[in-house]
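Atoms within a ligand are numbered from 1 in the order they appear, just like the ligands themselves. For the single chain, residues carry numbers from 1 onward in sequence order. Just so we're clear, the structure is a prediction, and the values are computed from it rather than from any experiment.
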Amino acid sequence: MTVPSNTLIRGGHVLTMDPELGDLPVGDVLVTDGRIAAVGTEIVADAEVIDASGAIVLPGLIDGHRHVWQSLLRGVASDWSLPEYLREARSMYCACFDPDDAYLANYLGGLESINAGITTVVDHSHLQRTPEITDALVRGLLDSRVGGVFCYGLQNVPGMTDPGAVRDLLTRLPDDWHDANAQTVRDKYFADPRQRLRFGIALPESAPYLPADVLDALVARATALNPSLITGHWNDRCPDVFPSHPQISLTHANHLSDDDLTALAEAGIGLCTTPDIECGMGTGPLLARRFASRGGAASLGTDITSYTRADILAQARLLLQVERSADALPPTVTWRARDALDLATRSAATSLGLASEVGTLTTGTRGDVVVVRPDPLGATPVGDPAATLLFYTSPAEVETVVVEGELVKRDGALVGVDIADVRQLAEEAAERIRARYDRLPRAALEGVWSGLFG
Ligand SMILES: [Zn+2]
C-alpha cells in the first residue's frame with residue numbers, strides 16, 4: 001500500500017490537548033513523514049487532504065490497560081464477578097488458545113482499537129503460555145497497525161487441567177524460560193526503541209503481595225529485559241521499590257491512600273483506572289481523578305474486552321459521572337468533560353512515558369490523528385466538542401484515523417481490511433475455544449484461585 005508522505009487534515013475543530021496550544025475552532029493538522037509537522041490555520045502544503053470541516057479533530061486516543069487477547073471472548077465476562085473472572089478467564093479460557101487464536105485475538109483487538117480512534121494500547125499480555133503463542137500475539141498487534149506497548153506478561157499461565165499443578169504454577173515466581181522467550185520477541189520485533197509498537201513487561205498478580213526483597217528482585221529481572229514500560233495490577237500496598245526503574249504504570253490500585261498517591265505522583269509513576277471493570281467488579285474507589293489532583297499522570301483502560309468494548313471515550317464518560325455522583329446536588333460541577341478527556345490523551349501519554357510521542361497534537365509528535373464526525377441527528381449542532389466526544393459519540397462516528405501518518409481508517413471504514421473475512425475467522429476461532437473450554441474439568445478447577453492473593 002502506498003503511504004503518502006504528507007497528509008493535511010483540514011478545517012476541523014481541533015482539540016490539540018496541548019495546554020499551550022489549546023483549541024482551534026477551525027484548524028488544520030499537517031502530518032509529514034509520520035510526524036506532526038504543523039498545527040494551525042489555513043496551512044498550505046502539497047499533501048493528501050482530508051476534509052474535516054464540521055468534524056472534531058483530536059490526538060489518537062490511548063488505552064492504558066487492556067488484555068487484548070480476550071477480544072475473542074466478547075461478552076463472556078459481562079456478568080462475572082472478579083473471582084469468577086479469575087477462575088474462568090485466567091485459569092480456564094487461557095488454556096484454550098492456540099497460536100492461531102492468539103494471533104487473531106490480538107489482530108482483532110488492534111483493529112477494534114483503530115476503529116474506535118485508539119492508536120495507542122498498553123497490552124498487558126498475560127497469555128504467555130508457549131513461545132509460539134507469544135510470537136503470534138506480537139504479530140497480531142503489529143499487523144493491525146495499532147501503536148502502544150506490548151507488555152510481555154512475566155508470569156506463568158496455566159495450560160493444564162490438574163488443579164494442584166495450576167495452583168502451584170500460579171503461586172510460584174515466573175519460570176525461567178520466560179526471560180529468554182521475552183528476549184526473543186524483543187530482539188525480533190522491537191529493535192527500534194522509537195517504533196510505533198514498543199516492548200514492555202507486565203508483572204504477575206502476585207507482585208503486590210511479595211516480600212519487598214522478592215519484589216525488588218522481580219522488578220530487577222523485568223528491568224534486565226530492557227522494557228520501555230513496566231506495568232502491573234495493583235491494590236492496597238504502595239510499592240517502594242519502583243522509582244529507580246523504567247517508566248511504571250500501575251492499574252486499579254483502588255485502595256491506595258492519599259499519601260501513597262502523592263508518593264507515586266512524585267516518583268513519576270503512572271496510574272491506570274478502568275472504570276467499567278472497577279465499577280462492575282466492585283474493586284473499590286476509582287482513583288484517576290484523585291491521582292491527577294495530586295499531580296499524578298493517570299490513564300484510562302478498557303481492561304477486558306471479554307466484558308466491554310474498547311471505547312475509551314465511554315470509559316472517560318463513566319469516570320466523569322462516577323466522580324460527579326459523589327457530590328450531592330452541587331451548585332456547579334468541579335470536573336468537566338475535558339478533564340476526563342485529558343486522561344484518554346495527554347495525561348495518559350505522560351503516564352506511559354510517551355508524552356513526546358502521542359497524546360497531543362503538537363509539532364514533532366507522532367502523526368496519530370483522529371477525526372470524529374458527530375451524527376447529524378443526535379449530536380449536532382455541536383456545543384463543547386469535548387462534551388460531544390464523551391456524551392454524543394461512539395466508535396461509529398470515528399470517521400478517519402491516521403497512525404504515524406498512515407491512513408488506517410477513512411470515510412468510516414478500516415483501510416485494507418476485509419471485515420467479513422475477519423469476522424468469520426473470529427467466529428470460527430471463538431467456536432474452537434469454546435469447545436475446548438467445555439471439555440475442561442470444571443469441577444476440579446473451581447476454587448483454584450480462591451485465597452491465592454489478598
Ligand atoms: Zn487487567
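- Ring pair H233/H65 is perpendicular by interplanar angle, where above 60° counts as perpendicular and below 30° as parallel.
- Distance check, rounded to the nearest 0.5 Å: NE2 of H124 to CD1 of I201 gives 10.5 Å.
- The ring of W69 has its center closer than 6.0 angstrom to the ring center of F97.
- R221 contributes a side-chain N or O that, together with a main-chain N or O of P174, makes up a donor-acceptor pair within less than 3.5 Å.
- Between the side chain of R87 and the backbone N or O of M92 there is no donor-acceptor pair closer than 3.5 Å.
- In this structure, the side chain of N156 engages the main chain of L169 through a donor-acceptor pair within 3.5 Å.
- Nearby protein atoms of type N, O or S around the Zn ion (ligand 1) amount to 4 (distance under 2.8 Å).
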